[in-house]
Number of protein chains: 2
Amino acid sequence: MTSAREVAQRAGVSVSTVSRALQSPERVSAVTRERVVRAARELGYRPDPVAQGLRLGRTRALGLLVPDFENPFFASVTKGVQARARAAGYAVFVADSDEDGVAEPDLVAGLAERVDGLVLASPRSTDRVVLGAVGDVPTVLVSREMPGLPSVSADDGDGMAQALGHLHALGHRRVAVATGPESSWSGARRLAGAAQAAERFGVEVVELGSFAPHFSGGLVVADHVVASGASALVAFNDLMALGVLDRLAARGVRVPQDVSVVGFDDVGVATLVSPALTTVRQPLARLGRTAVDLLLARVEGTSAEPTGRPQDEVVRLPVELVSRASTGVVREAGLPVPGASEVHS
Amino acid sequence: MTSAREVAQRAGVSVSTVSRALQSPERVSAVTRERVVRAARELGYRPDPVAQGLRLGRTRALGLLVPDFENPFFASVTKGVQARARAAGYAVFVADSDEDGVAEPDLVAGLAERVDGLVLASPRSTDRVVLGAVGDVPTVLVSREMPGLPSVSADDGDGMAQALGHLHALGHRRVAVATGPESSWSGARRLAGAAQAAERFGVEVVELGSFAPHFSGGLVVADHVVASGASALVAFNDLMALGVLDRLAARGVRVPQDVSVVGFDDVGVATLVSPALTTVRQPLARLGRTAVDLLLARVEGTSAEPTGRPQDEVVRLPVELVSRASTGVVREAGLPVPGASEVHS
DNA sequence: ATGAAAGCGCTAACAG
DNA sequence: CTGTTAGCGCTTTCAT
């Protein structure tokens, strides 16, 4: 690592001039600036970001916390955060809580002391714990809203409404809904959306409860669906829906003839299974990018916006129901008219 | 952020005593240590890692570069790196090159100046470029070997041998192999392994060429397989294999009756498709964990090992062929005996 | 326009 | 055992 002193020596100037020539070129004569720049280039000099960070109090680093990298939803969010941060000249620290809410405060605190801003994706802790852990570090939430913190999430309630509307139009009148982690904010939002939409469309919603947001959780959910007598299911996410599909097939329950299945997220695998999964598409990478935009607005001085945005801005990105075979029209059998509506109601 | 000075004041000692009491408790009297520790706890003091980094020349941060977070292979590696680094008290910077080898040197350089060590997963650049970019920062490679740098990768050659052995045992005599990015080191290794195994088993290997390591690449590969007259395919990775499966199904080519398909990696989705994918399982998270172990041995002083390990240690983790339906025995039809062997050879 | 000096928060060498 | 001093690499007054 070459330091500013070596550059100064080579250019025959002082270290402060080196700093100035590089940071505020206009405050230095053209000729010395040229000399400094050349010396710097020849030595491959790059100011040490750690030292800069110490002096300026800004590290030009952002922190990202996710519950699980192996969940494609968060992989995409990570990608989005990463891309936008880099474009703005920020490095990104990451931490994976392994879906363990208890570990979150420590992880957040560990990140917080090294970064200028924090992105927390679907934190599982309570509002109070999250607020305590971030302290006074600028923070943006993803897929979670909470008073006092800006956030960007998909419109979960609307997504659920679209899903139920779709199922209703296909003739379903009794629909099961499986939730993810108890502590999932978006899960709660969807349940609320489901209740509203249920009334609007006149469908009965059966809450199956809370399950692991993975393939394995779906295996369990599938049996509940069958037992519930519902003719359709909306799963917490695509991974869970895939587990449902698998178990249903194993039990000889046909999809969509006997039961229709809707996922959430539209991660890549949704199209790779058979039948392809109908799902509520979230703008995955955009969640991450938007979060960084919000964060940098705060980190780099609120003065950018003349009128000043509200302290905790809440962004809701639109979602889109993507209809595929798992709720589709079955050629040979015609529209799957659920027998459930005859049995119940 | 509370600083050491405030703790010192509250405890009635000097800042150096605060530092000592926390870093080397035995060099401080029991009573003052107690006072300092209590003051620190009361103020919620945590030494600023940035300042520590500047002073000590160690940031207690590691850098990780991957070609694509959304590729589940790298998501798992990231998870492994993350977990091990955290356990050792290191934070992790990440960067995603988007499979763009040209961007790599800049990304690596950007990471290098902030970290104590680097993990480079499947870097796409040439040896010279990689070595230049890392400079003198301790570095470990994942899924890539190169003179001068330690590395941990799966035994790709053996994996390919297991795949071909399996296919040979099932009666296949003409097997297509599709590679990933030209610059992929493991792809080259597998081709080499294929050549060896081909001779050993007496199977003919048809090299289809280089394709995108995604689902979309597989769609293209499928047509090549059919055109090649091979009765089986080994794809570069599971994602590609899934694309092949999809396209084959669309063309009415049955798997495994008409063509058998083998993937690589055993990422989660391999079991979610129908037919389930036979694949060469890599110890994904372990790749990441082992890389960090190697790295920390270097970063924290080679003296840990009495005799001193070789400067560039090369670790090859074993792989395991997992046989599933995509090469499986077909109940109704018996063993899929490829017609290819009658047509050719 | 430039250099000297101060200091970000911390730790290590050196006295005492 | 503890306080004082110095300095990591950088930016920023403050003089000149």
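Remember, it's a predicted structure, so these values are computed and weren't measured experimentally.
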For [X] and [N], what is the distance between atoms [atom1] and [atom2] respectively, to the nearest whole Å?
X	N	atom1	atom2	answer
B/Arg114	D/dC8	CZ	C1'	17 Å
A/Arg5	D/dT11	CZ	P	15 Å
A/Leu22	D/dT11	CG	C1'	12 Å
A/Gln23	D/dC10	CD	P	10 Å
B/Glu113	D/dC8	CD	C1'	16 Å

Query raised in the report: With a 4.0 Å cut-off on heavy atoms, is A/Val13 in touch with a base, just the backbone sugar-phosphate, or nothing at all?
Result: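 Counting heavy atoms under 4.0 Å across all strands, the contact made by A/Val13 is with sugar-phosphate only.
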Query raised in the report: Reckon A/Thr17 touches a base, only the sugar-phosphate, or nothing at all at heavy-atom distances under 4.0 Å?
Result: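 Sugar-phosphate contact only - A/Thr17 comes under 4.0 Å of backbone atoms but never of a base.
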Requested in this report: Would you list the pairs meeting ring pair (Phe, Tyr, Trp, His ring centres under 6.0 Å) in which at least one residue belongs to residues 27-69 of chain A, sequence neighbours left out?
Outcome: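 Residue pairs passing ring pair (Phe, Tyr, Trp, His ring centres under 6.0 Å), neighbours aside: none found.
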Requested in this report: Quick one: which residue pairs count as a ring pair (Phe, Tyr, Trp, His ring centres under 6.0 Å) with a foot in residues 88-135 of chain A, not counting sequence neighbours?
Outcome: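 Sorted pair list: A/Phe93-B/Phe93.
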Query raised in the report: A/Ser16 and A/Ser19: side-chain donor and acceptor closer than 3.5 Å?
Result: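 Short answer, no.
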Query raised in the report: Is the shortest heavy-atom distance from the side chain of B/Val92 to the side chain of B/Val292 under 4.5 Å?
Result: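 Counting from C-beta outward, B/Val92 and B/Val292 never come under 4.5 Å.
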Are the side chain of [X] and the backbone N or O of [Y] linked by a donor-acceptor pair below 3.5 Å?
X	Y	value
B/Asp48	B/Val50	yes
B/Asn71	B/Phe73	yes
A/Ser24	A/Arg27	no

So which protein nitrogen or oxygen atoms get under 3.5 Å of nucleotides 13-16 of chain D's nitrogens or oxygens?
none

Query raised in the report: Taking only residues two or more places apart in sequence or in another chain, which ones pass salt bridge (charged side-chain N to carboxylate O under 4.0 Å, His left out) with A/Arg124?
Result: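 For A/Arg124 the salt bridge (charged side-chain N to carboxylate O under 4.0 Å, His left out) partners, ignoring immediate neighbours, are A/Glu99.
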Query raised in the report: Considering the terminal five base pairs at each end of the helix from C/dA1-D/dT16 to C/dG16-D/dC1, what angle separates the two local helix axes, rounded to 10°?
Result: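 Comparing the first five pairs with the last five, the axes sit 50° apart.
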Query - Close residues, residues 41-62 of chain B, relative to DNA chain C [heavy-atom separation under 4.0 Å] - result: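 Those residues are B/Tyr45, B/Pro47, B/Asp48, B/Ala51, B/Gln52, B/Arg55, B/Leu56.
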Query raised in the report: Looking at DNA chain C, which of residues 28-37 of chain A put a heavy atom within less than 4.0 Å of it?
Result: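 Only A/Val28, A/Ser29, A/Thr32 qualify.
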Less than 3.5 Å apart, which donor and acceptor atoms pair up between the side chains of residues 3-11 of chain B and the rest of the protein, not counting sequence neighbours?
{"from": "B/Ser3", "atom 1": "OG", "to": "B/Arg5", "atom 2": "N", "distance (Å)": "3.3"}
{"from": "B/Glu6", "atom 1": "OE2", "to": "B/Ser3", "atom 2": "N", "distance (Å)": "3.1"}
{"from": "B/Arg10", "atom 1": "NH1", "to": "B/Glu42", "atom 2": "OE1", "distance (Å)": "2.2"}

Requested in this report: Give every residue pair that meets the side chain to side chain donor-acceptor pair (under 3.5 Å) criterion with at least one member in residues 127-136 of chain A, sequence neighbours excluded.
Outcome: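 For residues 127-136 of chain A, and leaving out neighbouring residues, the side chain to side chain donor-acceptor pair (under 3.5 Å) pairs sorted by first residue read A/Asp127-A/Arg144.
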Query raised in the report: Does any pair with a residue in residues 50-70 of chain A pass side chain to side chain donor-acceptor pair (under 3.5 Å), and if so which ones, sequence neighbours excluded?
Result: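 The answer is A/Thr59-A/Asp116, A/Asp68-B/Lys79, A/Glu70-B/Ser76.
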Show me the donor-acceptor pairs, under 3.5 Å and distance only, between side chains in residues 282-291 of chain B and residues at least two apart or in other chains.
{"from": "B/Gln282", "atom 1": "NE2", "to": "B/Asp265", "atom 2": "OD1", "distance (Å)": "2.9"}
{"from": "B/Thr290", "atom 1": "OG1", "to": "B/Arg286", "atom 2": "O", "distance (Å)": "2.7"}

Report task. Output every pair passing salt bridge (charged side-chain N to carboxylate O under 4.0 Å, His left out) with a member in residues 103-112 of chain A, not counting sequence neighbours, ordered by first then second residue. Result ->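 Qualifying pairs, neighbours excluded: none.
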